[in-house]
Number of protein chains: 2
Amino acid sequence: MPLRGLAKAKNFTLGPTAPMKTFTENIHIQTKDSNNLRNSGKSHKLTNNIQNENLFRYESKIKSDFDEIVPTLKEIARIQHHEDFINKAQKISRKNLGIDLPLHVLDKSWVKPLDMRALYAWCAFKQHDKLSDNFFNNDPLEGAAGSRDAEDFEKFLLDCGIHLLDITPCSDGRLAHSVAYVMRIPFSSVRRRSHAGALFDIENTVNRWVKTEHKRYRENVPNEAHKDTRYLKVVTYHFSSVDPLHQGCAAHGSNDKLAAAEGRNKLYAFKEAVENSFCCGASVDLMLIGLDTDTDSLKIHLSTSDGGIDLEKTISTLEIYNSTINFSKEDAEREICQTISKQSSKDKLSGLEKFTYKLIVNNISQIDYVKSFHNGSYEDIGHAERFIGVGIGFKEVHLRNLTYFAHLDTVEEGAPDLDVGVKIFTGLNVSQDLPIPVVIRFDYSGKVPGAKERAINDCERVNNAISIRYKNLVDQGLLHTCSTIRDRDNIHSAQIIGMSLDKKTEEAH
Amino acid sequence: MPLRGLAKAKNFTLGPTAPMKTFTENIHIQTKDSNNLRNSGKSHKLTNNIQNENLFRYESKIKSDFDEIVPTLKEIARIQHHEDFINKAQKISRKNLGIDLPLHVLDKSWVKPLDMRALYAWCAFKQHDKLSDNFFNNDPLEGAAGSRDAEDFEKFLLDCGIHLLDITPCSDGRLAHSVAYVMRIPFSSVRRRSHAGALFDIENTVNRWVKTEHKRYRENVPNEAHKDTRYLKVVTYHFSSVDPLHQGCAAHGSNDKLAAAEGRNKLYAFKEAVENSFCCGASVDLMLIGLDTDTDSLKIHLSTSDGGIDLEKTISTLEIYNSTINFSKEDAEREICQTISKQSSKDKLSGLEKFTYKLIVNNISQIDYVKSFHNGSYEDIGHAERFIGVGIGFKEVHLRNLTYFAHLDTVEEGAPDLDVGVKIFTGLNVSQDLPIPVVIRFDYSGKVPGAKERAINDCERVNNAISIRYKNLVDQGLLHTCSTIRDRDNIHSAQIIGMSLDKKTEEAH
């Protein structure tokens, strides 16, 4: 096992013209300027370089919005006893972060040291708010995985025999970009439900399956119920090729064999639940994928002869990338077809093979993305999330290591996922005396009367449960929450309905 | 308002041949022997007297099983320092209660006073277990509202244009017999979801609606999706005719106008949620019913001219009972028809009117039941529940004032319901130094692999949440839990998977 990650890393070449760099050589040369950074090695013929540039521009912009918080607050900390402090602080904040700081926090600097924890949390929440607004209003992933590509992609899915694509990646922030970046799938064409260890909830997913089938029967959406298509459930577990024993999935003790096996168990249980609970040949399709969080390459598990999922045999997109790096576009396409099927042309592929082909080609762009902008392997091979997202929603978050997701209805049920997140952020933030920013989100259907009020109540209930479960952190100002709701029937962005920062101010009076 | 209840009570006559007794006269003459008790006043011609006898025999047997606990434990308490105590205690318990007491509790009587709280909880759990076994194995409500009548009743429902009957009574134990006794509906033909104030969960009920419709589309069960039938959602709020200002619904401050209005709001919200979320004329039928917890008579709310629910205009089954007490069967039937419709024959009724007719006739038997066996108004006009039922299930509980229901998936969401129950039992039990017996239940589908394990996990999660939320009571042995699961695909009874009594023993070692 210890050698496996290294072996994998060695396999990752940049092609004959670009001699391979070791990961340690690369790790510290990343800067924020994509033009300077871009590796000069040639890219794969199937790579969409323009899309890559756009995606990197987006990633850089958003992440720098968050990463400017600490330097900005340090600058502000230094002047807290200067004359006209509030105006000076706001000026710095507007210039560096594009946001105003909360007056009721700044206001107290004369009487007690500035509450930097509160300011940090405020800035993280405001940057998330900006990102969210921008996402829903400007569709920044357009042309890559944006909502405007969704219609074509949904037609493609139906061609592949899939009427719903439901993906569960791990909650881990290093998988938060799985859909839009790693797989290059329009975010709105996918049901994404993140869970620690990718261990999704069976009953909840069966409910979703029922809703999906009901819509087909009642509305012929996305297609008629009698059409021979399936609900595809994908589990994306993860591993680290650079440091397999420490940077794999925490929920499975960095054991990728276990992560794959447990993912398969969940998929089988879901399929059996559907088959045993409903008549008339009800079933679903399953797919198990491993994601290398260092290179963003995929291992797509093959089927066994009896229709199950093979834990050993996989298609490695990194191997395909390396073996076809010198190929023409046509040759590379043919090679991929032959890897997944006996067909020699992509036009002859059908069903899940056709979908797999798409995933591989899309992921080749991402392998080049990591190669071009992150020197072949991310600098942050471990956790580096900026906030925890709790609740139902977060359609706007598609960046690696930005958000740890705890997808939950209640803290009581979702505590295992949330505990992992808090543990991660204890290392990332609390150890540096910075608070854990927790964004709570409940999406609702604006078409349903009372649904908005219920979403607000859900936020309050979860906020309250968090403040009980993590009382120690909350009492010290080391965990702050920002409650948000979003009307999923409306393109407009999420709405902040309250922050723990507000409450503390009220209590202080 | 203060006079309303009294006015109602005055209206409740036993007919000209049986001069009306006041409630206070009646209140203390109840005994457990039905033959001695049965009021000699004549019954209504539409009353099913044989069914009434059977139902009363069942109610008496089960309640006496619980009500013998305290006298039995008092007897045992007196001999705790006698020679051969354990054998003597077991003998008394077997004779009076038909159960063995837990050895590990009895065993300690020589070293510390007998833990009567633990014994009380144990006895309550064991009596519930017996009731549950008996219910699922012997169908004790057969011929009244048992499972064997279900098939006929479901056909009748379809005749009325109803393909699912979903009733939400209040969690209050005084409504726990609503289905099997008050409405005389086969328990297995109904989806019952009890909530404090009858305030059911909209999203959860929409999910249930989707599942119901999906089954019609996929399996033609209970009928084809294109058939013009509806999902009927009934809310049963309650009030007290004897003491309207104190013994009404606690969740609505004993204000029955508010209880009715809030129930209607929920019904409207559910209907709008279905209509706005689904196309093609998706809708549901609604019914609002008030239940007088003293007489078990119903007020069935009429429709307004625009198809809504009228908060003022109701059909009172008690008024019908009184006005037709001297009628022949045929005349009474005709009178009921004319009260609810312009039709003069029950055979000409259709749709919800046909269903309403059935409810009224069934409820007349229950009015006579209360008249015959409880002297026209229950002795226990207030709370007198024997245990709290928490979770999903309890198909076996159909007796008045036996169980306070907190229908919930999580304590986090269901806390308002559960808090009311704990408050009620603080008055009933804790004030007498007796513990609150809480039976946790999660039903599961045995056909689905892993569902049993998940139900066990759900029990443990809820048990844990209860022990945190009510720590003070639990620490003093004033709240005990018994976790049970039941395979809903199997006729066999529920299964106890653990009690807080077991745990306390382990901890003591």
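By convention in this document, chain letters (A, B, ...) are assigned in the order of the sequence lines, proteins followed by strands, and residues within each chain are numbered from 1.
- Along residues 217-235 of chain B, the residues that come nearer than 4.5 angstrom to chain A, judged on non-hydrogen atoms, are B/Tyr217, B/Arg218, B/Glu219 in order of number.
- Taking 4.5 Å as the heavy-atom cut-off, the residues of residues 269-280 of chain B that approach chain A are B/Glu272, B/Ala273, B/Asn276, B/Ser277, B/Phe278, B/Cys279, B/Cys280, ordered by number.
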> Could you go step by step and tell me if A/Glu413 and B/Asp458 meet the side-chain contact (heavy atoms from CB on, under 4.5 Å) rule?
Replying inline: CA-CA 9 Å; A/Glu413 292 163 301; B/Asp458 287 340; 5.7 Å; no

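- Both the backbone and the side chain of A/Val411 come within less than 4.5 Å of a heavy atom of chain B.
- Under the ring pair (Phe, Tyr, Trp, His ring centres under 6.0 Å) criterion, A/Tyr404 pairs with no residue, sequence neighbours left out.
- Using a 4.5 Å cut-off between heavy atoms, B/Arg454 contacts chain A through its side chain alone, with no backbone atom that close.
- Around the NZ atom of A/Lys452, the shell of radius 6.0 Å holds no more than 12 heavy atoms that belong to other residues, nucleotides or ligands.
- Between chain A and the residues B/Ala451, B/Ser445, B/Ala282, B/Gly450, the most heavy-atom pairs under 4.5 angstrom are made by B/Ala282.
- Once rounded to the nearest 0.5 Å, the distance linking CG of A/Leu408 with CD of B/Glu412 reads 8.0 Å.
- When B/Arg461, B/Lys447, B/Lys215 are compared by the number of non-hydrogen pairs under 4.5 Å with chain A, B/Arg461 comes out ahead.
- A pairwise comparison of heavy atoms in B/His214 and A/Glu213 identifies NE2-CB, 3.4 Å as the closest pair.
- Here B/Val210 is the residue among B/Asn464, B/Val210, B/Val448, B/Asn207 with the most heavy-atom pairs under 4.5 Å with chain A.
- Residues of residues 190-201 of chain A having a heavy atom under 4.5 Å from any heavy atom of chain B: none.
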